[in-house]
Amino acid sequence: MTRTELPDPETDSTTSVEQAIATRVSRRSFARTPVTTADVSQVLWATQGVTHERDGIEMRAAPSAGATYPIVAFLEVAPDGSERLEAGLYRYEPTGHALEVSLETTVHDDLTRAALSQEVVRDAPATIVLAADYDRTRTQYPDHGDRYVHMEAGHAAENVHLVCESRNLNTCPVGAFSDADVADVLDLPGRLDPLYLLPFGHRRTEN
Ligand SMILES: Cc1cc2nc3c(=O)[nH]c(=O)nc-3n(C[C@H](O)[C@H](O)[C@H](O)COP(=O)(O)O)c2cc1C
(Lines give C-alpha, C1' and ligand atoms only; values in the text may rest on other atoms or scores of the structure.)
Protein backbone atom coordinates (compact mmCIF):
# COMPACT_ATOMS: atom_id res chain seq x y z
CA MET A 1 0.00 0.00 0.00
CA THR A 2 1.40 3.42 -0.94
CA ARG A 3 1.99 5.64 2.05
CA THR A 4 2.34 9.42 2.06
CA GLU A 5 3.78 11.03 5.17
CA LEU A 6 2.06 14.32 5.95
CA PRO A 7 3.95 17.37 7.24
CA ASP A 8 3.79 17.89 10.98
CA PRO A 9 0.58 19.68 12.03
CA GLU A 10 0.80 23.17 13.44
CA THR A 11 -0.27 23.56 17.05
CA ASP A 12 -0.42 27.34 17.02
CA SER A 13 -2.36 29.94 15.06
CA THR A 14 -2.89 33.66 14.81
CA THR A 15 -6.67 33.00 14.98
CA SER A 16 -8.01 32.33 18.46
CA VAL A 17 -10.54 29.56 19.06
CA GLU A 18 -13.00 32.28 20.06
CA GLN A 19 -12.50 34.10 16.75
CA ALA A 20 -13.01 30.88 14.81
CA ILE A 21 -16.23 30.12 16.71
CA ALA A 22 -17.49 33.67 16.20
CA THR A 23 -16.95 33.73 12.43
CA ARG A 24 -17.71 30.07 11.60
CA VAL A 25 -20.52 29.53 9.14
CA SER A 26 -21.16 26.78 6.63
CA ARG A 27 -19.50 27.88 3.38
CA ARG A 28 -20.52 25.98 0.28
CA SER A 29 -18.38 27.35 -2.54
CA PHE A 30 -14.67 27.12 -3.16
CA ALA A 31 -11.90 28.87 -5.04
CA ARG A 32 -10.61 26.91 -8.03
CA THR A 33 -7.25 26.27 -6.42
CA PRO A 34 -5.97 22.92 -5.21
CA VAL A 35 -5.60 22.33 -1.49
CA THR A 36 -2.06 22.20 -0.17
CA THR A 37 -0.45 19.34 1.70
CA ALA A 38 -0.30 21.63 4.74
CA ASP A 39 -4.10 22.12 4.50
CA VAL A 40 -4.63 18.36 4.25
CA SER A 41 -2.29 17.73 7.17
CA GLN A 42 -4.04 20.23 9.40
CA VAL A 43 -7.64 19.20 8.74
CA LEU A 44 -6.94 15.48 9.04
CA TRP A 45 -4.96 16.01 12.24
CA ALA A 46 -8.03 17.83 13.58
CA THR A 47 -10.19 14.74 12.96
CA GLN A 48 -8.18 12.02 14.67
CA GLY A 49 -4.54 13.15 14.88
CA VAL A 50 -2.39 11.88 17.72
CA THR A 51 -1.79 14.59 20.31
CA HIS A 52 -0.10 12.70 23.16
CA GLU A 53 0.33 9.30 24.80
CA ARG A 54 -1.39 8.06 27.93
CA ASP A 55 -0.58 4.66 29.42
CA GLY A 56 0.97 3.60 26.12
CA ILE A 57 -2.13 4.58 24.10
CA GLU A 58 -1.93 7.23 21.38
CA MET A 59 -4.59 9.77 22.39
CA ARG A 60 -6.25 11.78 19.63
CA ALA A 61 -7.39 15.32 18.84
CA ALA A 62 -11.08 14.54 19.41
CA PRO A 63 -12.38 12.95 22.62
CA SER A 64 -13.53 9.33 22.50
CA ALA A 65 -15.66 7.33 24.95
CA GLY A 66 -13.25 5.05 26.78
CA ALA A 67 -10.60 5.95 24.17
CA THR A 68 -12.18 3.33 21.89
CA TYR A 69 -11.59 5.50 18.80
CA PRO A 70 -14.25 4.19 16.40
CA ILE A 71 -13.90 7.05 13.89
CA VAL A 72 -11.87 6.49 10.73
CA ALA A 73 -11.15 9.44 8.44
CA PHE A 74 -10.77 9.17 4.68
CA LEU A 75 -9.78 11.89 2.22
CA GLU A 76 -11.40 12.03 -1.19
CA VAL A 77 -9.41 14.13 -3.66
CA ALA A 78 -11.10 15.47 -6.81
CA PRO A 79 -9.23 15.66 -10.12
CA ASP A 80 -6.71 18.55 -9.76
CA GLY A 81 -7.99 19.02 -6.21
CA SER A 82 -4.63 18.73 -4.48
CA GLU A 83 -1.18 20.15 -5.15
CA ARG A 84 0.50 16.84 -4.42
CA LEU A 85 -2.07 14.05 -4.14
CA GLU A 86 -3.54 12.28 -7.16
CA ALA A 87 -7.33 12.11 -7.46
CA GLY A 88 -8.71 9.16 -5.51
CA LEU A 89 -9.35 8.04 -1.96
CA TYR A 90 -6.92 7.93 0.95
CA ARG A 91 -7.24 6.57 4.46
CA TYR A 92 -5.83 8.70 7.25
CA GLU A 93 -3.51 6.82 9.61
CA PRO A 94 -3.24 8.68 12.92
CA THR A 95 -0.12 6.71 13.84
CA GLY A 96 2.66 8.42 11.94
CA HIS A 97 0.23 11.09 10.58
CA ALA A 98 0.15 9.60 7.09
CA LEU A 99 -2.16 8.71 4.22
CA GLU A 100 -2.58 5.25 2.72
CA VAL A 101 -4.01 4.98 -0.78
CA SER A 102 -7.44 3.28 -0.78
CA LEU A 103 -8.56 3.92 -4.37
CA GLU A 104 -6.24 5.10 -7.11
CA THR A 105 -8.90 6.42 -9.46
CA THR A 106 -11.25 9.34 -9.05
CA VAL A 107 -14.57 8.67 -7.34
CA HIS A 108 -15.54 12.33 -7.33
CA ASP A 109 -18.58 12.18 -9.61
CA ASP A 110 -19.87 9.03 -7.93
CA LEU A 111 -19.39 10.52 -4.46
CA THR A 112 -21.25 13.65 -5.58
CA ARG A 113 -24.15 11.53 -6.79
CA ALA A 114 -24.13 9.54 -3.53
CA ALA A 115 -24.42 12.89 -1.74
CA LEU A 116 -27.63 13.61 -3.63
CA SER A 117 -25.74 15.67 -6.23
CA GLN A 118 -25.08 18.49 -3.77
CA GLU A 119 -22.99 21.24 -5.34
CA VAL A 120 -20.94 21.61 -2.19
CA VAL A 121 -19.52 18.12 -2.74
CA ARG A 122 -19.27 18.51 -6.52
CA ASP A 123 -17.34 21.77 -6.25
CA ALA A 124 -15.00 20.83 -3.40
CA PRO A 125 -11.40 20.00 -4.29
CA ALA A 126 -11.30 17.56 -1.37
CA THR A 127 -13.72 15.93 1.05
CA ILE A 128 -13.08 14.28 4.38
CA VAL A 129 -15.30 11.25 4.93
CA LEU A 130 -15.79 10.25 8.55
CA ALA A 131 -16.72 6.59 8.91
CA ALA A 132 -17.25 4.56 12.05
CA ASP A 133 -16.52 1.09 13.31
CA TYR A 134 -19.44 0.91 15.76
CA ASP A 135 -18.34 -2.40 17.26
CA ARG A 136 -15.23 -0.80 18.79
CA THR A 137 -17.47 1.28 21.05
CA ARG A 138 -20.48 -1.07 21.34
CA THR A 139 -18.28 -3.78 22.84
CA GLN A 140 -17.35 -1.52 25.73
CA TYR A 141 -20.68 0.34 25.96
CA PRO A 142 -23.51 -1.97 24.84
CA ASP A 143 -26.26 0.48 25.84
CA HIS A 144 -24.80 3.79 24.72
CA GLY A 145 -22.17 2.84 22.15
CA ASP A 146 -24.05 4.01 19.06
CA ARG A 147 -24.86 7.35 20.66
CA TYR A 148 -21.22 7.83 21.65
CA VAL A 149 -20.03 7.13 18.09
CA HIS A 150 -22.32 9.87 16.74
CA MET A 151 -21.13 12.28 19.39
CA GLU A 152 -17.54 11.55 18.43
CA ALA A 153 -18.18 12.21 14.75
CA GLY A 154 -19.56 15.58 15.82
CA HIS A 155 -16.44 16.35 17.85
CA ALA A 156 -14.18 15.52 14.92
CA ALA A 157 -16.31 17.48 12.46
CA GLU A 158 -16.36 20.58 14.63
CA ASN A 159 -12.59 20.41 15.00
CA VAL A 160 -12.35 20.40 11.21
CA HIS A 161 -14.78 23.26 10.88
CA LEU A 162 -12.83 25.44 13.32
CA VAL A 163 -9.46 24.58 11.78
CA CYS A 164 -10.88 25.49 8.36
CA GLU A 165 -12.10 28.80 9.76
CA SER A 166 -8.69 29.44 11.26
CA ARG A 167 -6.93 28.73 7.92
CA ASN A 168 -9.37 30.61 5.67
CA LEU A 169 -10.66 27.38 4.19
CA ASN A 170 -14.33 26.94 3.36
CA THR A 171 -16.26 23.91 4.57
CA CYS A 172 -19.78 22.73 5.21
CA PRO A 173 -20.79 19.59 7.11
CA VAL A 174 -22.83 17.25 4.91
CA GLY A 175 -25.08 14.63 6.43
CA ALA A 176 -27.52 14.22 3.54
CA PHE A 177 -26.29 11.28 1.49
CA SER A 178 -27.12 7.68 0.71
CA ASP A 179 -25.25 5.56 3.26
CA ALA A 180 -25.25 2.54 0.96
CA ASP A 181 -24.06 4.51 -2.06
CA VAL A 182 -21.24 6.26 -0.19
CA ALA A 183 -20.06 2.93 1.27
CA ASP A 184 -20.24 1.37 -2.19
CA VAL A 185 -18.49 4.20 -4.05
CA LEU A 186 -15.67 4.29 -1.51
CA ASP A 187 -15.51 0.49 -1.28
CA LEU A 188 -15.54 0.75 2.51
CA PRO A 189 -14.83 -2.42 4.49
CA GLY A 190 -18.09 -3.92 5.83
CA ARG A 191 -17.38 -2.93 9.42
CA LEU A 192 -17.21 0.79 8.51
CA ASP A 193 -20.32 2.94 8.08
CA PRO A 194 -20.07 6.45 6.60
CA LEU A 195 -21.33 9.15 8.96
CA TYR A 196 -20.31 12.58 7.73
CA LEU A 197 -18.86 14.30 4.67
CA LEU A 198 -16.72 17.40 5.17
CA PRO A 199 -15.96 19.01 1.79
CA PHE A 200 -13.33 21.74 2.02
CA GLY A 201 -11.29 24.08 -0.14
CA HIS A 202 -9.83 27.52 -0.38
CA ARG A 203 -12.04 30.48 0.42
CA ARG A 204 -14.20 32.38 -2.00
CA THR A 205 -15.81 35.57 -0.83
CA GLU A 206 -19.35 34.61 -1.82
CA ASN A 207 -20.88 31.62 -0.01
C1 LIG B 1 -25.67 16.99 11.03
C2 LIG B 1 -25.65 18.06 9.97
C3 LIG B 1 -25.92 17.71 8.67
C4 LIG B 1 -25.86 18.70 7.67
N5 LIG B 1 -26.03 18.32 6.37
C6 LIG B 1 -25.95 19.26 5.41
C7 LIG B 1 -26.06 18.87 4.04
O8 LIG B 1 -26.23 17.71 3.70
N9 LIG B 1 -25.94 19.86 3.11
C10 LIG B 1 -25.72 21.17 3.43
O11 LIG B 1 -25.63 22.00 2.54
N12 LIG B 1 -25.60 21.56 4.74
C13 LIG B 1 -25.70 20.64 5.72
N14 LIG B 1 -25.52 21.00 7.03
C15 LIG B 1 -25.22 22.40 7.36
C16 LIG B 1 -26.43 23.13 7.93
O17 LIG B 1 -27.35 23.43 6.90
C18 LIG B 1 -25.95 24.42 8.62
O19 LIG B 1 -25.08 24.07 9.68
C20 LIG B 1 -27.12 25.24 9.16
O21 LIG B 1 -27.87 25.81 8.13
C22 LIG B 1 -26.65 26.36 10.11
O23 LIG B 1 -25.80 27.26 9.40
P24 LIG B 1 -24.29 27.55 9.82
O25 LIG B 1 -23.55 26.22 9.82
O26 LIG B 1 -23.78 28.47 8.76
O27 LIG B 1 -24.29 28.13 11.18
C28 LIG B 1 -25.58 20.03 8.02
C29 LIG B 1 -25.31 20.36 9.35
C30 LIG B 1 -25.34 19.39 10.31
C31 LIG B 1 -25.01 19.75 11.74
Side-chain angles (χ1 to χ4, degrees), residues 13 15-33 35 39 42-48 60-65 69-78 81 89 92 106-134 136-138 144-186 188 192-207:
S13 168
T15 306
S16 69
V17 173
E18 289 80 359
Q19 285 170 327
I21 292 170
T23 59
R24 182 217 63 83
V25 290
S26 294
R27 304 178 198 270
R28 298 180 175 80
S29 63
F30 308 96
R32 290 185 181 280
T33 50
V35 294
D39 296 328
Q42 205 66 17
V43 293
L44 285 170
W45 173 74
T47 64
Q48 291 289 294
R60 300 188 185 174
S64 173
Y69 296 120
I71 303 294
V72 178
F74 291 85
L75 179 75
E76 184 271 328
V77 176
L89 185 74
Y92 176 58
T106 179
V107 289
H108 193 70
D109 291 347
D110 290 339
L111 182 63
T112 299
R113 272 190 289 278
L116 318 182
S117 299
Q118 293 190 61
E119 290 175 12
V120 64
V121 176
R122 183 195 69 192
D123 296 344
T127 294
I128 292 172
V129 180
L130 298 181
D133 181 347
Y134 281 86
R136 288 184 67 91
T137 309
R138 280 178 186 148
H144 292 97
D146 288 14
R147 182 194 302 178
Y148 292 165
V149 169
H150 299 158
M151 291 170 170
E152 292 186 29
H155 287 302
E158 185 67 3
N159 277 359
V160 169
H161 213 138
L162 294 179
V163 160
C164 283
E165 199 58 31
S166 163
R167 294 180 69 82
N168 277 326
L169 295 168
N170 283 6
T171 189
C172 171
V174 168
F177 54 82
S178 158
D179 298 12
D181 289 353
V182 170
D184 186 45
V185 163
L186 304 184
L188 294 182
L192 291 182
D193 290 312
L195 279 182
Y196 228 168
L197 306 184
L198 310 171
F200 68 97
H202 289 150
R203 180 147 299 178
R204 274 179 53 165
T205 41
E206 51 200 276
N207 293 299

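Whatever order the structure lists ligands and atoms in, that order sets their numbers, starting from 1. For reference, positions follow the sequence shown, starting with 1.
Residues of the protein with a heavy atom under 4.0 Å from ligand 1 are Arg24, Val25, Ser26, Arg28, Gln118, Cys172, Pro173, Val174, Gly175, Ala176, Tyr196, listed by chain and number.
Looking only at distances, no side-chain donor or acceptor of Arg138 sits under 3.5 Å from a matching main-chain atom of Gly145. At least one donor-acceptor pair closer than 3.5 Å links the side chain of His108 to the backbone N or O of Arg122. Judged by distance alone, with hydrogens and angles left aside, the side-chain atoms of Tyr196 form no donor-acceptor pair with the main-chain N or O of Ala153 at under 3.5 Å. Between the Glu152 side chain and the Ala132 main chain, no donor and acceptor come within less than 3.5 Å of each other.
Nearest heavy-atom pair, Tyr92 versus Thr47, reported as atom, atom and distance to 0.1 Å: CD2-OG1, 4.1 Å.
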For residues 160-168, tabulate all N or O donor-acceptor pairs below 3.5 Å that involve a side-chain atom, not counting sequence neighbours.
unit_1: His161; atom_1: NE2; unit_2: Val25; atom_2: O; d: 3.2
unit_1: Glu165; atom_1: OE1; unit_2: Arg27; atom_2: NE; d: 3.4
unit_1: Glu165; atom_1: OE1; unit_2: Arg27; atom_2: NH2; d: 3.4
unit_1: Glu165; atom_1: OE1; unit_2: Arg203; atom_2: NH2; d: 3.4
unit_1: Glu165; atom_1: OE2; unit_2: Thr23; atom_2: OG1; d: 2.9
unit_1: Glu165; atom_1: OE2; unit_2: Arg27; atom_2: NH2; d: 2.7
unit_1: Ser166; atom_1: OG; unit_2: Ser13; atom_2: OG; d: 3.0
unit_1: Arg167; atom_1: NE; unit_2: Asp39; atom_2: OD1; d: 3.3
unit_1: Arg167; atom_1: NH2; unit_2: Asp39; atom_2: OD1; d: 3.1
unit_1: Asn168; atom_1: OD1; unit_2: Arg203; atom_2: NH1; d: 3.3

